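Just so it is clear, the model here is predicted, and its values are computed rather than measured.
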Amino acid sequence: MAIDQNKLASDILLAVGGQANVEDLVHCSTRLRFTLRDDSIVDKEKIKSLTGVLGLAQTGGQTQVVIGNDVADTYNAVKKLLSESNNDNLTATGTKQNKKLSAIVLDFIIGIFQPLIPAIAGGGILKSFLMLANMLGLMSDTTQTYKILYFVGDAPLYFLPLLVAITTANKLKVNPLVAVSAVAALLTPNLATMLASSGGGHLFSFGIKNITYAYQVFPAILAILVYAQLEKYLTKITPKVIRGFFVPMVSLLIVVPLTLLVLGPIGYTFGQGFAAVILFIFSKFGWIAVAMLAAVLPFMVVTGMHKAMIPYVVTSLGQTGKEVIYNAASLAHNISEAGGSFAVALRTKDKGLKATALSAGISALFGITEPAIYGVTILHKRVLYGVMIGSFIGGASLGLMGVEAYVAVGPGLASLSMFISKTLPNNLLFAVIGLIISFIASFTAVAILWQDPVNQKDALLSENEAPTNRSVILPSPMAGKIIPLSSVNDAVFSNKTLGDGVAIIPSEGKLYAPTDGLIEMVYNTNHAIGMKTSEGDEILFHIGIDTVNLKGQFFDVAVTAGQKVKQGDLLVRFNREGIKAAGFDDTTMIIITNPQGASLQLSKDAKKSTKSKNHDNVKGLETV
């Protein structure tokens, strides 16, 4: 059934808040990507109900309307409407004035603290393994080897102010080395010794408090906030000939004394108070606080609000060496997602959902919950209710047992060492007990509540559009590791919104034609290709996640739209290292977009590929 693109464009534009709400519009191979002035006014249900729309995702500051193969036509129709409404005048107004202060602050906080997690988690896990080795009698904590390795694990937290200086400087786009130098002055051993020996000091006749800045966060943030403004101002007024040394010198001369006298004590006091408030809440509400937080975590993860907890976790670890609420709640939630997914896999008769739930459940056991949340939980209310019940019960049990965490990392089976404690020998055992309770509670709740939903979308299809159950089997089009589509870190693909398929983690940067066919579409940024096989199946090859933002960089397409290809012909070369260095996932999706309901499988059999004389390497066609 042909879709009226003009009507669809008008309906979409109205549902996203009208022309006045659109700041920018681009499209990738399957989605319209709107940057809106106010995402909250989007009529999500209206968009999802439109004929021609396959789904909706709001992530990364964009409202993404999933169209599929006709996205270019829909984009042109929407763009035409925007042009006719004199959208240039609208765009000139910008969006910053309409940005909520809370959104700006949250973005700033996440930008500072999120990059810290790998270093803190790595060091923390190392320390927990050392404590485990000591508890098992494998290594004494009195040996120099143990102490040196413990110093290594403790380094990320001890030098946390330096790490914060780097991330804050990067977020504010100022010189990170000067920023680190300013904060490093607070940690110099001689200064610390001088202040400790006399109980403080004096600078320009002003008193300096004796504060230990190691493990601190907020003094460094305040220092770099001031430095950023100072650097920008000095750069404007300083002649270029002396700017290279004058701006850093004056910045250090002003920022370091100001931090020692004013900013440092303010930040230190705030940090102490921040941690004290959390501990006070826990002392007053205890297990209820953990249980309630665990129960609402599905909503927090979907909206990205769980990242707002990172500053608390990092600060608590730096201030007290432990964290008593969030990680326990997160453990309960993560394992509840696993229990709920496994219950769905057991109860559902939908083979596709069964495979998705099983894969998502395994992932959640190891602390990675996005496949479960986006692929199962939020799509089915009964699962959501069951997971919330399991999370609450699991969180309550962990709270009642007073489980503490000592590492900032996603809790799961692989990271249980984060609960190892010298002072609380039963802490790890209690964490395991809470894990088991969370799993059983969620599994039981979802198993009782679950009912297979009626597929209303299929019921609306006309007789001529009825989906097929045909299975399409092709050789793998590239070398690499094949993974289920449900494991892809993108809800549109993992939920099979565009169709069934598989994903490949490539081991080399080449994509080949898996069979004979016709190239129907080459996206203008070269990261996606649409192909119709000789059997009439329409296949989408999508290299990477969100790689549309690379605007063609790292991609070299060897074919053009309308070109006939043979099995084994090279379609695209891409630079895997460059893509990953730019911060993007190079996982490649192979989707069968038409006929509806068809399944796609990749086969080891590559005998046919040897018939092609045009390809330069058929290795990809043989890899599973």
Side-chain angles (χ1 to χ4, degrees), residues 28-30 68-69 71-72 470-483 485 493 498-545 547-548 550-579 586-595 598-624:
C28 60
S29 57
T30 58
N69 293 340
V71 65
R470 186 163 64 86
S471 178
V472 177
I473 302 176
L474 297 172
S476 176
M478 64 167 53
K481 178 183 178 182
I482 297 177
I483 61 174
L485 202 60
F493 291 114
L498 300 173
D500 189 57
V502 296
I504 299 177
I505 301 174
S507 58
E508 67 175 14
K510 292 180 181 179
L511 173 70
Y512 301 94
T515 185
D516 298 349
L518 176 71
I519 301 299
E520 290 195 316
M521 180 272 293
V522 176
Y523 188 62
N524 59 9
T525 56
N526 297 336
H527 74 292
I529 287 181
M531 172 183 174
K532 178 178 281 189
T533 70
S534 55
E535 287 77 22
D537 302 315
E538 295 180 2
I539 309 292
L540 171 67
F541 305 96
H542 194 288
I543 303 173
I545 298 174
T547 44
V548 62
L550 291 173
K551 298 181 180 179
Q553 188 180 11
F554 308 123
F555 296 96
D556 181 16
V557 176
V559 294
T560 58
Q563 177 180 336
K564 291 183 178 180
V565 294
K566 295 289 186 181
Q567 184 184 43
D569 284 352
L570 179 67
L571 302 181
V572 184
R573 287 188 180 88
F574 55 98
N575 184 336
R576 294 180 56 241
E577 291 73 19
I579 292 172
D586 66 349
T587 299
T588 298
M589 283 62 68
I590 300 93
I591 311 293
I592 180 166
T593 58
N594 193 46
S599 62
L600 178 65
Q601 301 177 33
L602 297 186
S603 169
K604 293 182 180 180
D605 185 11
K607 293 180 181 179
K608 289 174 60 180
S609 68
T610 58
K611 296 179 182 180
S612 174
K613 298 180 181 180
N614 299 325
H615 66 283
D616 58 359
N617 188 345
V618 298
K619 181 170 60 176
L621 296 173
E622 301 171 356
T623 303
V624 177

Worksheet item: Hey, are the side chains of I545 and M589 touching, using non-hydrogen atoms and a 4.5 Å cut-off?
Response: yes
Fill in: Worked check of ring-ring contact (aromatic ring centres under 6.0 Å, His included) between F554 and H527
CA-CA 9 Å; F554 308 123; H527 74 292; over 10 Å; no
Worksheet item: Which atom names give the shortest non-hydrogen contact between G562 and L518, and what distance separates them?
Response: O-CD1, 3.3 Å
Practice prompt. List the steps, then state whether side-chain contact (heavy atoms from CB on, under 4.5 Å) holds for V559 with D569.
Written response: CA-CA 9 Å; V559 294; D569 284 352; 5.8 Å; no
Worksheet item: Between Q563 (side chain) and I519 (backbone), is there a donor-acceptor pair under 3.5 Å?
Response: no
Worksheet item: Going by heavy atoms in the side chains, are T547 and F555 under 4.5 Å from each other?
Response: yes
Discussion item. Could you tell me if the side chain of I591 sits less than 4.5 Å from the side chain of D500, heavy atoms only?
Written reply: no
Discussion item. Under the side chain to side chain contact (heavy atoms under 4.5 Å, CB included) test against F574, which residue among Q553, K510, M478 passes?
Written reply: M478
Worksheet item: Nearest 0.5 Å, what's the CD1-CD distance between I473 and Q601?
Response: 5.0 Å
Item to complete: Decide yes or no on side-chain contact (heavy atoms from CB on, under 4.5 Å) for L571 and V565, but give the supporting numbers first.
Response: CA-CA 9 Å; L571 302 181; V565 294; 4.2 Å; yes
Worksheet item: Looking at T587 and A503, what are the two nearest heavy atoms and their distance?
Response: CG2-CB, 3.8 Å
Discussion item. Closer than 3.5 angstrom, by distance alone: can the side chain of R573 be matched with the main-chain N or O of A558 as a donor-acceptor pair?
Written reply: no
Item to complete: Indicate yes or no for a side-chain donor-acceptor contact from T593 to the backbone of E538 under 3.5 Å, with no hydrogens or angles considered.
Response: yes
Worksheet item: How far apart are the closest heavy atoms of Y512 and G568, and which atoms are they?
Response: CD2-O, 3.4 Å
Discussion item. What I'd like to find out is whether the side chain of N594 reaches to under 4.5 Å of the side chain of D537, using heavy atoms alone.
Written reply: no
Worksheet item: Looking only at heavy atoms, which two atoms of T560 and V522 are closest? And how far apart?
Response: C-CG2, 4.1 Å
Practice prompt. Decide yes or no for I504 and S476: does some side-chain heavy atom of the first lie under 4.5 Å from some side-chain heavy atom of the second?
Written response: yes
Worksheet item: How close do K532 and E520 get, heavy atom to heavy atom, and via which atoms?
Response: CE-OE2, 3.4 Å
Discussion item. Minimum heavy-atom separation for M531 and P514, please, with both atom names.
Written reply: SD-CD, 4.4 Å
Worksheet entry | Spatial distance of atom CD1 (I505) from atom CZ (R576) [nearest 0.5 Å] | 9.5 Å
Item to complete: Measure the shortest side-chain to side-chain distance between I543 and V572 over non-hydrogen atoms and say whether it is less than 4.5 angstrom.
Response: yes
Worksheet entry | Flag side-chain contact, heavy atom, 4.5 Å: I579 against L550 | yes
Worksheet item: Mind checking whether I483 and V502 have side chains closer than 4.5 Å, heavy atoms only?
Response: no
Worksheet item: Taking N526 for the side chain and D556 for the main chain, is one N or O donor matched with an acceptor at less than 3.5 Å?
Response: no
Item to complete: Nearest 0.5 Å please: distance from the CD1 atom of I590 over to the CG atom of L540.
Response: 9.5 Å
